[in-house]
Each structure stands twice: as structure tokens, then as C-alpha cells.
Amino acid sequence: MHDDAIEPFFATLAAANPSPQTELEFTSVFELLCAVLLSAQATDAGVNKATKRLFALAPTPQRMLDLGLEQVTELIRTIGLFRTKAKNLVQTCRILVEQHGGAVPRSREALEALPGVGRKTANVVLNVAFGEPTMAVDTHIFRVANRTGLAPGKNPLAVELKLLERVPAKYAVDAHHWLILHGRYVCQARRPQCERCAVRRWCDTAASTMPAEG
DNA sequence: ATCCCGAGGG
DNA sequence: CCCTCTGGAT
């Protein structure tokens, strides 16, 4: 993708969706952290079903500790990787209570020190909860960035760094949501919906495989 | 590089 | 059946 295409690319996504948001359901920063931790290799819809049950009984770190690992495991059983995630959730709650006064820390370093929280999860929390212009490169963003030529890279970190240097500052906070939603509903993994893609005129892949518009 | 791991869609 | 879903730890 040419440098000159980046501004209109994001302007088009912005016009179609002025205030993009996560589709994860939460009512506090703690719940956001839990939902994002659970969302690894899982759909938002699936996570929302589980967190509806989980947050009803454990809306705070202390309440989740009181609930215990067995109960937490049962409540999130419908999500993939549920055993690992349950352990990570409970242990994360323990650290929040013992080291952060029951609050979610605001630094990348403290977030990534939580079990089950890596760079991508920390980036989501920093962006959604604290408004920082981070690029949380998930499966969607990795695919869209490479396919379109917006920010090609062989691994998520390489894509993230290229996005940070290439996305205009005015779009930096919302960019990660635009790219996710675009990947989820239009630029899908299996069958990309190029026919109804608003930004195909700037896309490397669509340009090489589809006729020019006329 | 490999493991974890259920739900939903094609 | 197969692939995909806002990955992280080893």
C-alpha cells in the first residue's frame, strides 16, 4: 500500500464507523481485563456468554478469589483453553489484591507481569481502559495488515511496530478497532468480502485479484 | 515449535 | 469433516 493511500484508507473506515468500540461486554476495568484475558483464541460472542455468568458471581478480584478455582473453571468451561484461563484468572486476581490494592495497574510492565497477560492483551487494556494509542495485533489485524499491505510483517510485533510508525496520529487510538471490525465482518480469513469492501481501492490483494472499479 | 481447547460456521 | 476465533507460556 502506497503512503498516500493510508490517510484515505482510515478516513473511509472512520466515516463508516465514527466511534468504534470493542464488542466485549464489561462494566469495569477489572471486568475488561478478565474479558480480554479470556478472549485468546475465542470469539467475543463466546466470551460474552461466559463472562455474563462469571461476572454475576465475581464482579471484583476479591469475589473471584472467594469463588475459587473450581467454580471459576466451571463457569468458563464453554470457552477454549478454559483450564489455563481459569488458573490465570484466579492467579491474576490474587496479584491484583495483594500487589495493586484490588485495582488494575496502568503500566504495560505491571500488566504483562500478570499471568495470561501478554503484549497483545496489555495493548487492549491500555487502549480501551486508558485511551492510549496502542496497536493490539490479534489474528484479524495481523491478517488485514498483511493482506492490504498497510503494515506487512512476519510476526505480530513486527506488524505492531509498523502500524505505530505508519498510522496517522489522529487515527491512532481508534485504528485497532477499525482494523478488527474490518477483519471480522469484511476482510474475513476464509472468504474476504471484497465485493462490498469500502477500502478495496487501496488494498494490495484486492487490486491484484479483482477488476478495477468502473 | 508446541501445547492448550470449546463453540460456531462452511 | 475442516478452519477460525481480539494468545500466552514453555
Side-chain angles (χ1 to χ4, degrees), chain A residues 13 17 19-26 29 31-54 69 72-95 104 108-148 150-151 153-161 163-164 167 172-195:
Chain A
L13 294 179
N17 195 349
S19 301
Q21 295 178 356
T22 177
E23 294 182 352
L24 291 172
E25 294 166 2
F26 61 96
V29 177
E31 288 187 358
L32 170 68
L33 172 63
C34 293
V36 178
L37 192 154
L38 292 175
S39 71
Q41 300 293 284
T43 61
D44 281 5
V47 171
N48 289 336
K49 285 184 181 178
T51 55
K52 184 173 183 178
R53 298 189 295 265
L54 179 64
L69 178 58
V72 171
T73 304
E74 278 309 306
L75 289 169
I76 68 168
R77 181 178 286 284
T78 54
I79 309 180
L81 317 179
F82 68 93
R83 291 187 188 87
T84 301
K85 289 174 180 176
K87 291 176 188 171
N88 287 337
L89 262 187
V90 171
Q91 185 57 25
T92 281
C93 287
R94 195 178 310 283
I95 294 174
V104 176
R108 172 186 299 284
E109 183 177 9
L111 285 170
E112 291 189 10
L114 302 170
V117 179
R119 187 177 183 88
K120 180 263 168 182
T121 298
N123 277 334
V124 175
V125 173
L126 290 171
N127 179 287
V128 175
F130 306 126
E132 297 190 20
T134 60
M135 301 292 172
V137 179
D138 66 332
T139 181
H140 293 301
I141 296 187
F142 186 76
R143 180 179 66 251
V144 172
N146 276 294
R147 222 179 235 171
T148 59
L150 169 66
K154 49 222 164 320
N155 56 64
L157 180 58
V159 169
E160 177 185 338
L161 297 179
L163 283 171
L164 287 173
V167 177
V173 173
D174 288 330
H176 121 262
H177 283 153
W178 282 318
L179 295 173
I180 288 227
L181 294 173
H182 187 62
R184 181 176 298 163
Y185 296 112
V186 182
C187 195
Q188 296 159 341
R190 290 219 186 164
R191 189 195 179 294
Q193 312 281 314
C194 299
E195 319 80 44

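Just so it is clear, the structure is predicted and the values come from calculations on it, not from any experiment. Lettering of chains follows the sequences in order, A, B, ..., and the numbering in each one begins at 1.
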Could you report the tightest heavy-atom contact between A:D44 and A:R184, atom names first, then the distance? OD2-NH2, 3.1 Å
A:G46 and A:I79 have their tightest heavy-atom pair at O-CG1, 4.2 Å
With a 4.0 Å limit, can you tell me whether A:R184 has a side-chain N or O closer than that to the phosphate oxygens OP1/OP2 of C:dC5? no
C:dC3 base / A:R190 side chain donor-acceptor hit below 3.5 Å: yes
Rounding to an integer number of Å, can you tell me how far A:F142 CZ sits from C:dG8 P? 14 Å
Distance, C1' atom - from C:dT4 to B:dC4, rounded to whole angstrom: 16 Å
Measure from CZ on A:R191 to P on C:dT4 and round the result to the nearest Å. 15 Å
Hey, does the side chain of A:H140 come within less than 4.0 Å of C:dC5's phosphate (OP1/OP2), counting only N and O? yes
Tell me what A:Q188 touches on the nucleic acid: a base, only sugar-phosphate, or nothing, going by heavy atoms under 4.0 Å. nothing
Which whole-number value in Å describes the distance from A:L32 CG to C:dT6 C1'? 11 Å
Could you state the CZ-C1' distance from A:R119 to C:dT6, rounded to the nearest angstrom? 15 Å
Pairwise C1' distance for C:dC3 and B:dC5, with rounding to whole Å: 14 Å
Please state how far atom CG in A:L181 lies from atom C1' in C:dT6, giving the value in whole angstrom units. 10 Å
Measure the OG1-CD distance between A:T139 and A:Q41 for me, rounded to the nearest 0.5 Å. 7.0 Å
If you find the nucleotide of DNA chain C closest to A:L114 and the one closest to A:H177, which residue's nucleotide is nearer the 5' end? A:H177
Minimum heavy-atom distance between A:I95 and A:P115, given as atom pair plus value: CD1-CD, 3.7 Å
Would you mind telling me which of C:dC5, C:dT6, B:dG9 lies closest to the side-chain atoms of A:L24? C:dT6
Starting the side chain at C-beta, find the nucleotide from B:dA7, C:dT4, C:dG7 nearest to A:T78. B:dA7
Near-strand residues of residues 37-52 of chain A, defined as heavy-atom separation under 4.0 angstrom from DNA chain B: A:Q41, A:K49
In whole angstroms, the gap separating P of C:dA9 from CG of A:L111 amounts to 12 Å
Between P of C:dT4 and CD1 of A:I141, the distance in whole Å: 18 Å
State whether A:T121 places a side-chain N or O below 4.0 Å from either non-bridging phosphate oxygen (OP1 or OP2) of C:dG8. yes
What's the closest nucleotide to the side chain of A:R143 if the choices are C:dC5, C:dT6, B:dC5? C:dC5
Have a look at A:I79 and say if it touches a base, only the backbone sugar-phosphate, or nothing, with a 4.0 Å heavy-atom cut-off. sugar-phosphate
For C:dG8 and B:dA7, measure between their P atoms and round to the nearest Å. 22 Å
Whole Å only: how far is the OH atom of A:Y185 from the P atom of C:dT6? 8 Å
A:N48 side-chain N/O to A:E23 backbone N/O, donor-acceptor pair under 3.5 Å: yes
Is A:L126 close to A:R108 at the side-chain level, that is, under 4.5 Å between some pair of heavy atoms? yes
Please check if the side chain of A:R119 supplies one atom and the backbone of A:E112 the other of a donor-acceptor pair under 3.5 Å. no
Do you know which two heavy atoms are closest between A:V36 and A:T121, and how far apart they sit? CG1-CG2, 3.4 Å
